[in-house]
Amino acid sequence: MFRVLIVGAGLTGSLCACLLRREMPSNTRIVVWDKARGAGGRMATSRSPNDPTCTADLGAQYITATPYYSQKHQSFYEELLAHSILKFLTAPVEGMVMKEDGSRNFITPQGISSIVKHYLGESAGAEVFFNYHVTHIHLKDEKWEVCRKSGAPEQFHAVVLTMPVPQILQLQGDLDKLIDRTQRQKLEAVSYSSRYALGLFYEAGTEIDGPWAAKYITNNPCIRFISIDNKKRNLESTDAGPAVVIHTSMTFGLEHLEEGKEKVEPLILEELARVLPGLPKPVSTECQKWRYSQVTQAVSESPGQMTIHARPLLVCGGDGFTHSNFDGCTDSALKILDVFKSNL
């Protein structure tokens, strides 16, 4: 049995699991570890603790496909549309700037994490474990021995690392001496923006009025984006409560990065009261700190992946090697698949 470990159950990791399952021999055992409590990574959908039907996307808000990627990744878009995981964004988004003519925007009716869950489901037989925080990787007997914060080490014939690049560089064990000087320089040059996201959850029947489903805020030191999530996803219902999502500006995220969420949330709510003074009081809230929100500087030349060791295979991927959107992660997963095909 050939064992492959994928570290990270975000978009790149889940798509890698799906593609490897479809392309690799049947005796390949795919294992996915993620340090979080659930799948999604930065494509995270949260649920109200009072009502599981009330959900909010605290990470990615919608997907934009340029004409180039609509054609290049046509099969991926068609698959997600066929399963009703993606639908066209038709709700009004105030202040949206289309960077390229012919681009299309998509929403996820069941939340942005439904894309990741779809790909994990398509990796039939893959074993997915949450609350598995990888700390060390050792080269041992022509295999990789991978350690986590709790539990016994396990050995794998190949390892794929899809977490943010700074977290890859923090791994201990043999990885430090295996990364050559050029690779290290490229990895250390990768940078990310940081921001906070705040979800407000409401009781069923609460009305949140407004001419838009989402809105970009300009010239505000704190708030950059607001979404009435059920309106954005065309899911207005009397049975499920609405949810509002606030994304902070990158400047605000950087200024408050090392502060606790309990200190930052009141600051966001105070500013929100000025921006939307009539907003009802939520029954619950959830504040999310995204230390690694979006890639501002990827690995030079955006190769999609970086092979640290060929046999046994250790390869890194994710948006840090391309760019921070659906197509960047898809490109990375495809490049990782190519590495497996050429090295195994």
Tell me whether [X] at atom [atom1] has more than 12 heavy atoms from other residues, nucleotides or ligands lying less than 6.0 Å away.
{"X": "E207", "atom1": "CD", "value": "no"}
{"X": "M250", "atom1": "CE", "value": "no"}
{"X": "D101", "atom1": "CG", "value": "no"}

Backbone N/O of [Y] and side chain of [X]: donor-acceptor pair under 3.5 Å:
{"X": "R311", "Y": "N343", "answer": "yes"}
{"X": "T307", "Y": "H309", "answer": "no"}
{"X": "T66", "Y": "S103", "answer": "no"}
{"X": "R148", "Y": "S150", "answer": "yes"}
{"X": "Y196", "Y": "K261", "answer": "no"}
{"X": "S324", "Y": "V295", "answer": "yes"}
{"X": "S123", "Y": "A17", "answer": "no"}
{"X": "Y192", "Y": "V165", "answer": "yes"}
{"X": "K231", "Y": "I208", "answer": "yes"}

Checklist entry - Rounded to the nearest 0.5 Å, how far apart are OG1 of T330 and CG of L11? => result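 Going from the OG1 atom of T330 to the CG atom of L11 covers 5.5 Å.
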Checklist entry - If you round to the nearest 0.5 Å, how far is NZ of K215 from OG1 of T218? => result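 One finds 8.5 Å between OG1 of T218 and NZ of K215.
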Checklist entry - Using the benzene-type ring in the case of Trp, are the ring centres of F76 and H83 under 6.0 Å apart? => result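 No, they do not, as the ring centres are separated by 6.0 Å or more.
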Checklist entry - Quick one: are the ring centres of Y62 and F106 less than 6.0 Å apart? => result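 No - the distance between ring centres of Y62 and F106 does not fall below the 6.0 Å cut-off.
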Checklist entry - Please walk me through it: do S191 and T296 pass side-chain hydrogen bond (donor to acceptor under 3.5 Å, both in side chains)? => result CA-CA 6 Å; S191 60; T296 53; 2.7 Å; yes
Checklist entry - Taking only residues two or more places apart in sequence, or in another chain, which ones meet H138 in a ring-ring contact (aromatic ring centres under 6.0 Å, His included)? => result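 Here the qualifying residues are H136.
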Item to check | Which atom of A243 lies closest to which atom of F201, heavy atoms considered | outcome: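 The answer is CB-CD2, 4.1 Å.
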Item to check | A298 to T322 - nearest heavy-atom pair and separation | outcome: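 Distance-wise, the nearest heavy atoms are CB-O, 3.2 Å.
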N-O pairing of [X] and [Y] below 4.0 Å:
{"X": "K341", "Y": "E23", "value": "yes"}
{"X": "R184", "Y": "D176", "value": "yes"}
{"X": "R29", "Y": "E127", "value": "yes"}
{"X": "D229", "Y": "K232", "value": "yes"}
{"X": "E79", "Y": "R22", "value": "yes"}

I'd like a table of donor-acceptor pairs (distance under 3.5 Å, sequence neighbours excluded) in which one partner is a side-chain atom from residues 269-283, with atom names and distances.
unit_1: E271; atom_1: OE1; unit_2: R274; atom_2: NE; d: 3.3
unit_1: E271; atom_1: OE1; unit_2: R274; atom_2: NH2; d: 2.8
unit_1: E271; atom_1: OE2; unit_2: N220; atom_2: ND2; d: 2.9

For residues [X] and [Y], is any side-chain donor paired with an opposing acceptor at under 3.5 Å?
{"X": "T55", "Y": "R233", "answer": "yes"}
{"X": "D331", "Y": "H73", "answer": "yes"}
{"X": "E265", "Y": "T285", "answer": "yes"}
{"X": "D327", "Y": "Y77", "answer": "yes"}

Next on the checklist: Run the side chain to side chain donor-acceptor pair (under 3.5 Å) test against E258 and tell me which residues pass, sequence neighbours left out.
Outcome noted: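 R291.
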Checklist entry - Mind checking what makes side chain to side chain donor-acceptor pair (under 3.5 Å) contact with N234, not counting sequence neighbours? => result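 N234 satisfies side chain to side chain donor-acceptor pair (under 3.5 Å) with T90 once adjacent residues are dropped.
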Checklist entry - Between V245 and I228, is a side chain to side chain contact (heavy atoms under 4.5 Å, CB included) present by the stated rule, with each step listed? => result CA-CA 6 Å; V245 173; I228 305 171; over 6 Å; no
Report all side-chain donor-acceptor pairs from residues 36-45 shorter than 3.5 Å, counting only partners two or more places apart or in another chain.
unit_1: R42; atom_1: NH1; unit_2: Y292; atom_2: O; d: 3.4
unit_1: R42; atom_1: NH1; unit_2: S293; atom_2: O; d: 3.3
unit_1: R42; atom_1: NH1; unit_2: D319; atom_2: OD2; d: 2.9
unit_1: R42; atom_1: NH2; unit_2: D319; atom_2: OD1; d: 3.1
unit_1: R42; atom_1: NH2; unit_2: D319; atom_2: OD2; d: 3.4
unit_1: T45; atom_1: OG1; unit_2: D57; atom_2: OD1; d: 2.8
unit_1: T45; atom_1: OG1; unit_2: I112; atom_2: N; d: 3.0
unit_1: T45; atom_1: OG1; unit_2: S113; atom_2: N; d: 3.0
unit_1: T45; atom_1: OG1; unit_2: S113; atom_2: OG; d: 3.3

Next on the checklist: Using 30° and 60° as the class boundaries, would you call the ring planes of H157 and F2 parallel, tilted or perpendicular?
Outcome noted: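 Ring orientation of H157 relative to F2: parallel.
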Item to check | Those residues that, when tested against E154, pass salt bridge (Lys or Arg N to Asp or Glu O under 4.0 Å) (two or more places apart) | outcome: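 Only R3 meet the salt bridge (Lys or Arg N to Asp or Glu O under 4.0 Å) criterion with E154.
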